[in-house]
Colleague: 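I have a structure here, written as structure tokens, and I will follow up with some questions on it.
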Amino acid sequence: MASPPGVVPAALVSGLAAAILVPGDRPGIGWVLAGTVAAVAVFLVDRNARRSAADSTVEPKTAEGTAQESDTEGQFVPGFVRCLRGPFGRALGVGHGDRGIRHGGPELAVVQRRESAGRAWWTTLALALLAVGAFRAAGWLFALCVVAACVAGSLAVVGHRSANGVLYDTIAVPLEALAAVPWVYAGMSRARASRAKRGWRFGLSTVVTIVLLAVFVPLLGSADATFATLLETVTPDLGASSGARWIVLFTVVTLGALGAMFVLAGPPLPAAASAGGSGSLRRPEWVLPVGALAILFTAFVGAQFVALFGGDGYVRRTAGLTYAEYARSGFWQLSAVTVLTLAVLVLVLRWAAQDTAADRLWLRGLLTVVSVLALIMVASALGRMWTYQQAYGFTVLRLVVEVCELWLGLVYLQVLVAVAWLERSWLPRAVLGSAMVTVLALAVLDPERLIADKNIDRWHQGRSFDVDYLGTLSPDTLPATDRLPEPLRTDLRARLRADLEQDSWQSWNRSRARAR
């Protein structure tokens, strides 16, 4: 599998863009700009390679009147096309040697549209997550977004589910980055002889360009103060620490771009469609434990409803606790139960036999009951955490835990759909996608401002107010301080603006700019 034209320039452009644009110490607009440059560079190389492969797949007819394929050594043919022409094409509903594949028929067009839509979704999600850095100043929030964006980018490159499983799909790009180096080197070695003269001329042109810029830029900068100010704004810092950051970012992103193009050139084999089928657990073997859980959960949920409607007086009489203490005492246990229950449901859905209509009926019925009861416990855990925060105050950790519970409830809804269909192949990616969308929704919600608003609400209701804690948050909280009286407002704003360094254009952030 030879590397297509443009791989090395695309990787170098991606790495250089990251080194110049990404502010390594804070959220900023440069993150999404660098991500966009890398995405466009990889997309252009992949698109051109696919077009070349499509043009060369069918050659003119021979004397015998048969079309010959041109999968010759040294020619780039995307693994996507190769897979469709083999047995994995049949797994996707496309026959081996099918005329639809050879001539771009409707079967291939449907698969390609599905592939393109999936990649567009994951790429858009990754860039949206990186764009959070231009609007929110909270470092912890943006760190979550960067991790989620990296996972979404890997899923965009892999495309459909691979036979290696969802864990591989989420880290395919960094895993294949080092393997891409010898792949590119081999491709450059084959083309070195024919391109030596052209490369030398291009190198000479680059040197001349650098010399001209080195002469004319300082002259123009000294000729006009406005232009000199503009140059200072766009010229990156070339100090020792910045140089090390440049090298690290350039290396990481260049290897990442190479890994992405390597996976696109020869994608992993697609996973065969799973339509249920026979498992190794017979009905009596799984019905007994799952049925016991259903009975236990029913009793627990009944007790929850009694406590809910009984209110603070009932809890004080039965448990000797205030309702807030009661809420705090059970949250983590409920969270652990719902997570463990989710694992049980997934394992049963994976291994339970579905050979007969009775097997499928029992599976749907019992797993649905347990899932619904678990959803009620998720709602109970959310209610407990909300009550706890209203009593003791809102913090980042408590809000993040609450959001995780909300996401867990969304996962249970997805499990209910999988149980209704008895089809689980789509579930892992759906769970990952819902996690990324939840992180993005949290960023849109502006969590630190929400925390400040809720704590100020508590203060207006006569409860305690931890101004020192709010002073440790990011400038995202500044709009909420308008509701505080003087001198408390001025004091808190001074804390939030303390050590607020000036941003370069790469690290521009709306929240920090508004704070200044």
Side-chain angles (χ1 to χ4, degrees), residues 10-47 118-157 170 173-174 233-237 242 245-246 248-261 432-433 435-449 474-476 500-516:
L12 293 178
V13 166
S14 300
L16 188 60
I20 295 174
L21 296 173
V22 172
D25 58 342
R26 71 190 77 176
I29 196 172
W31 287 86
V32 68
L33 294 178
T36 303
V37 170
V40 170
V42 172
F43 167 76
L44 291 176
V45 171
D46 180 59
R47 184 197 62 179
R119 286 194 166 129
W121 156 252
W122 290 114
T123 302
T124 302
L125 185 56
L127 294 178
L129 287 163
L130 290 178
V132 170
F135 299 95
R136 300 287 180 257
W140 64 269
L141 176 63
F142 188 60
L144 290 177
C145 290
V146 170
V147 173
C150 291
V151 174
S154 184
L155 292 174
V157 169
T170 58
V173 169
T233 302
V234 300
T235 302
D237 181 16
S242 298
R245 179 175 59 82
W246 272 44
V248 171
L249 285 171
F250 176 81
T251 303
V252 170
V253 177
T254 299
L255 287 176
L258 289 177
M261 289 180 282
L432 287 173
M436 297 173 204
V437 170
T438 300
V439 172
L440 188 59
L442 179 63
V444 173
L445 188 64
D446 200 351
E448 293 197 351
R449 178 176 178 176
S474 73
D476 292 344
L500 200 59
E501 299 178 1
Q502 189 67 30
D503 287 327
S504 62
W505 69 270
Q506 299 100 321
S507 61
W508 180 86
N509 175 274
R510 180 176 175 271
S511 182
R512 291 194 300 268
R514 185 175 55 187
R516 295 189 188 93

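Residues: numbered from 1 along the sequence shown.
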Colleague: Side-chain contact test, heavy atoms from C-beta onward, threshold under 4.5 Å: evaluate it for W505 versus L33 and give yes or no.
Modeller: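 W505 vs L33: side chains touch.
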Colleague: I'd like to know if the side chain of D476 and the backbone of R449 have a donor-acceptor N/O pair within less than 3.5 Å.
Modeller: no
Colleague: Could you tell me whether the side chain of T254 and the main chain of T251 form a donor-acceptor pair under 3.5 Å?
Modeller: no
Colleague: In chain order, what residues pass the side-chain contact (heavy atoms from CB on, under 4.5 Å) check against L125, with sequence neighbours excluded?
Modeller: W121, W122, L129, M436, V437, L440
Colleague: Measure from the side-chain N and O atoms of T123 to the backbone N and O of A156, and report whether any donor-acceptor pair falls under 3.5 Å.
Modeller: no
Colleague: Is the backbone N or O of V157 less than 3.5 Å from a side-chain atom of R119, with the two atoms forming a donor-acceptor pair by type?
Modeller: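 Indeed, once roles are kept as given, a pair shorter than 3.5 Å links the two residues.
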Colleague: List the atom of W508, the atom of R512, and the distance in Å for their closest heavy-atom pair.
Modeller: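 Closest heavy-atom pair between W508 and R512: C-NH2, 4.5 Å.
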Colleague: Drop me the distance from T438's OG1 to L144's CG, to the nearest 0.5 angstrom.
Modeller: 11.5 Å
Colleague: Measure the OG-CG distance between S511 and L500 for me, rounded to the nearest 0.5 Å.
Modeller: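 CG of L500 is found 8.5 Å from OG of S511.
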Colleague: Quick one: closest heavy-atom pair of V22 and G30, and the distance?
Modeller: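 Nearest pair, atom of V22 first, then G30: CG2-O, 4.2 Å.
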Colleague: Pairs in or reaching into residues 138-149: which pass side chain to side chain donor-acceptor pair (under 3.5 Å), with residues at least two apart or in two chains?
Modeller: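 Only W140-E448 qualify under side chain to side chain donor-acceptor pair (under 3.5 Å).
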Colleague: Using a 3.5 Å distance criterion without hydrogens, assess whether the side chain of R514 forms a donor-acceptor pair with backbone atoms of P475.
Modeller: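 No; zero donor-acceptor contacts below 3.5 Å.
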Colleague: Where do C145 and A443 come nearest, in terms of heavy atoms and distance?
Modeller: SG-CB, 4.5 Å
Colleague: Just by distance, do the side chain of R136 and the backbone of V444 share a donor-acceptor pair under 3.5 Å?
Modeller: yes
Colleague: Can you give me the closest heavy-atom contact between S14 and V37, atom names plus distance?
Modeller: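 Looks like OG-O, 4.5 Å.
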Colleague: Grab the two heavy atoms, one from L127 and one from G35, that are nearest each other, plus how far apart they are.
Modeller: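 Closest pair (atom of L127, atom of G35, distance): CD2-C, 3.7 Å.
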Colleague: How close do V173 and A260 get, counting heavy atoms only, and between which atoms?
Modeller: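 Heavy atoms only, the tightest pair is CG1-N, 4.0 Å.
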Colleague: Would you mind listing every side chain to side chain donor-acceptor pair (under 3.5 Å) that reaches into residues 22-40, with sequence neighbours excluded?
Modeller: R26-E501, R26-D503
